[in-house]
Amino acid sequence: MGKQAKEMIVQGLDVVNLSQGEPDFSTPDNISLKAVAAISHHETDSYTTTSGLTELKQAVVSRVQLDYQTTINPDQVVVTTGAKLALFTLMQTLVDPGDLVVTPAPFWVSYSEQVKLAGGTLAVVQPTNLECKLTIKSLETLDQKPKLVILNTPNNPSGSVYTKDELAALIKWTEGNGVYLILDEIYGKLVYGDTKFHSGLELMPIAGSRVIIINGVSKSYAMTGWRIGWAIADEEITAAMNKLLGHLTSNPTVAAQYAAIEALTGPQTSVELMRQAFERRLNLIYDGITKINNLSVPFKPQGAFYLFFKVDPEFMQGHNYEDTNQVSMALLNEEMLAIPAGEGFGMPGYLRLSYAKSAADLTEALKRLEHFFND
Ligand code: PLP
């Protein structure tokens, strides 16, 4: 679907593309200009240490202190070429062939592929609650003890956010059972309504723990193209990551590292303005979709910028769609609307749209969905 949608867009067709997981805002100027200044002062001409500029690791340390009143040290931080590379490096570092990795469905598509690339086996826990959250009960019913659990809060694609108590209980379980826990907190700044985001960093000291925090600038600062993310973990883990990264990338692009320093230490007003815009768009798309026949939203997302919604199985049967992949293709061909199917996120029967798009695009998408699904 993604490939065909891109081809149709290149041909100049009027495709409304709600498939991309990236803000439609520009990177704030104060951030971009720091990269420009670093280039003109030739600060970008040489390698940095593999784990990133000391100033950037210090900026991560300071942001953690400000946001969560938690003290970490720069050696517990590894800056990578996007959070995706931090996750890939961790899988390669922690997962051996045959190891079991657990994540609840629905999950971000790259987790499954990265686990496979490390030779691990992914056990997908199907949710038993509306918010699709992992519970201790589901971990205890597994036949084999996992090596690693991956949690994403706020979640792409479901939009669920773990409460402090839920997170504390899961950390207690993984630590108590000697299991690594990756907490992917890349959407942590994007929560809505009265939802409060809680980071694993509030709940336990990183030193000596098996909890690894993933974050980056892509989503909260509209910087997907800059490719800066990081992992925060015990020094034994960060040292192992640095060994591998030293032979992979050496260091993330230096101009982007300078931009990320400004993102983390400069004014945070643009983050809040973008968050408010996402919240308005969530309300627009949620209200619209809940009114369309044959579609339902199990629960209103609390964070990130996706809506994960269910297609009525009777509608699919009545129109001879065997799965939601076919529904997604039909939406593209018949309505010129690009919305990926739940299959890739480990949950068939659903579609996932990104509402990080203009209100005009979202309103047009709602019209096309209504035309397609209203019998
Ligand atoms: N984690 C999740 C849950 C994501 O949705 C994404 C991007 O879509 C990433 C990590 C990767 O982010 P980055 O752009 O920093 O590689």
Side-chain angles (χ1 to χ4, degrees), residues 2 17-25 27 31 52 56 60 63 77-92 101 103-115 117 122 124 132-134 148-162 181-191 197 199-200 212-233 241 245 248-249 251-253 256-257 259-260 263-264 271 274 278 301-308 339-340 342 344-347 352-357:
N17 186 3
L18 305 189
S19 67
Q20 288 152 315
E22 59 180 335
D24 61 333
F25 299 110
T27 304
I31 298 176
L56 178 49
V60 172
R63 180 106 318 267
V77 180
V78 183
V79 180
T80 52
T81 306
K84 189 179 265 183
L85 185 66
L87 285 159
F88 176 84
T89 310
L90 277 166
M91 305 295 179
Q92 294 293 324
V101 179
T103 203
F107 54 81
W108 181 47
V109 289
S110 289
Y111 297 152
S112 51
E113 302 311 304
Q114 292 188 349
V115 169
L117 284 165
L122 186 72
V124 177
C132 305
K133 288 179 182 172
L134 187 69
L148 167 70
V149 172
I150 310 171
L151 280 193
N152 177 208
T153 177
N155 180 273
N156 169 11
S158 75
S160 64
V161 177
Y162 285 76
L181 173 64
I182 292 180
L183 289 176
D184 182 346
E185 302 182 349
I186 192 125
Y187 297 98
K189 298 249 172 231
L190 302 176
V191 291
F197 167 72
S199 166
I212 303 123
I213 308 289
I214 296 293
N215 214 327
V217 291
S218 286
K219 315 288 178 175
S220 1
Y221 298 95
M223 291 178 72
T224 47
W226 295 80
R227 313 306 304 127
I228 296 290
W230 54 86
I232 300 172
M241 290 180 74
L245 285 164
L248 271 175
T249 49
N251 61 264
T253 304
Q257 292 196 56
L264 294 172
V271 180
M274 289 191 274
F278 288 136
Q302 300 162 313
F305 40 60
Y306 307 98
L307 193 73
F308 199 59
I339 300 184
F345 304 90
M347 239 169 121
R352 185 210 74 170
L353 64 75
S354 159
Y355 56 83
K357 289 279 166 187

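Along the sequence shown, residues carry numbers from 1. Just so you know, ligand 1 is whichever comes first in the structure, and atom 1 is the first atom listed for that ligand. Quick caveat: nothing in here was measured; it's all calculated off a predicted structure.
Of all atoms in ligand 1, numbered sequentially from 1 with element shown, those under 4.0 Å from a heavy atom of Asn156 are 5 (O). Atoms of ligand 1 lying under 4.0 Å from at least one heavy atom of Lys219, given by number and element, are 6 (C), 7 (C), 8 (O). Of all the atoms in ligand 1, the ones that sit under 4.0 Å from a non-hydrogen atom of Asn152 are 3 (C). Using a 4.0 Å cut-off to heavy atoms of Gly82, the atoms of ligand 1 that qualify are 15 (O), 16 (O). Within ligand 1, the atoms closer than 4.0 Å to a non-hydrogen atom of Asp184 are 1 (N), 2 (C), 3 (C), 10 (C), numbered from 1 in the order shown.
Considering backbone and side-chain N/O of Ile186, none are found under 3.5 Å from N/O of ligand 1.
Between Phe278 and Phe305, the two ring planes are tilted [angle within 30° to 60°].
At least one heavy atom of Tyr111 sits under 4.0 Å from some atom of ligand 1. The closest approach between any non-hydrogen atom of Ser218 and ligand 1 is below 4.0 Å.
Between the side chain of Lys219 and the backbone N or O of Lys189 there is no donor-acceptor pair closer than 3.5 Å. Under the 3.5 Å distance criterion, the side-chain polar atoms of Gln92 are left unmatched by any main-chain donor or acceptor of Leu87.
The structure places CG of Leu248 at 10.5 Å from CE of Met241, a figure rounded to the nearest 0.5 Å.
Nearest to atom 10 (C) of ligand 1 by heavy atom, out of Trp108, Phe88, Tyr187, is Trp108.
Remark: Lys133 is positioned above the aromatic ring of Tyr162, its terminal NZ or CZ atom under 6.0 angstrom from the ring centre and at most 45 degrees off the axis.
Between Thr103 and Val115 there is no side-chain heavy-atom pair separated by less than 4.5 Å.
Counting only heavy atoms of the protein, atom 15 (O) of ligand 1 lies nearest to Ala83 N, 2.7 Å.
When each of Val191, Asp184, Ile186 is paired with Pro154, the side-chain contact (heavy atoms from CB on, under 4.5 Å) condition holds for Val191 and for no other.
Taking the six-membered ring where the residue is Trp, the centroids of Tyr111 and Phe345 are separated by 6.0 Å or more.
Only the side chain of Arg227 comes within contact range of ligand 1, with a heavy atom under 4.0 Å; no backbone atom does.
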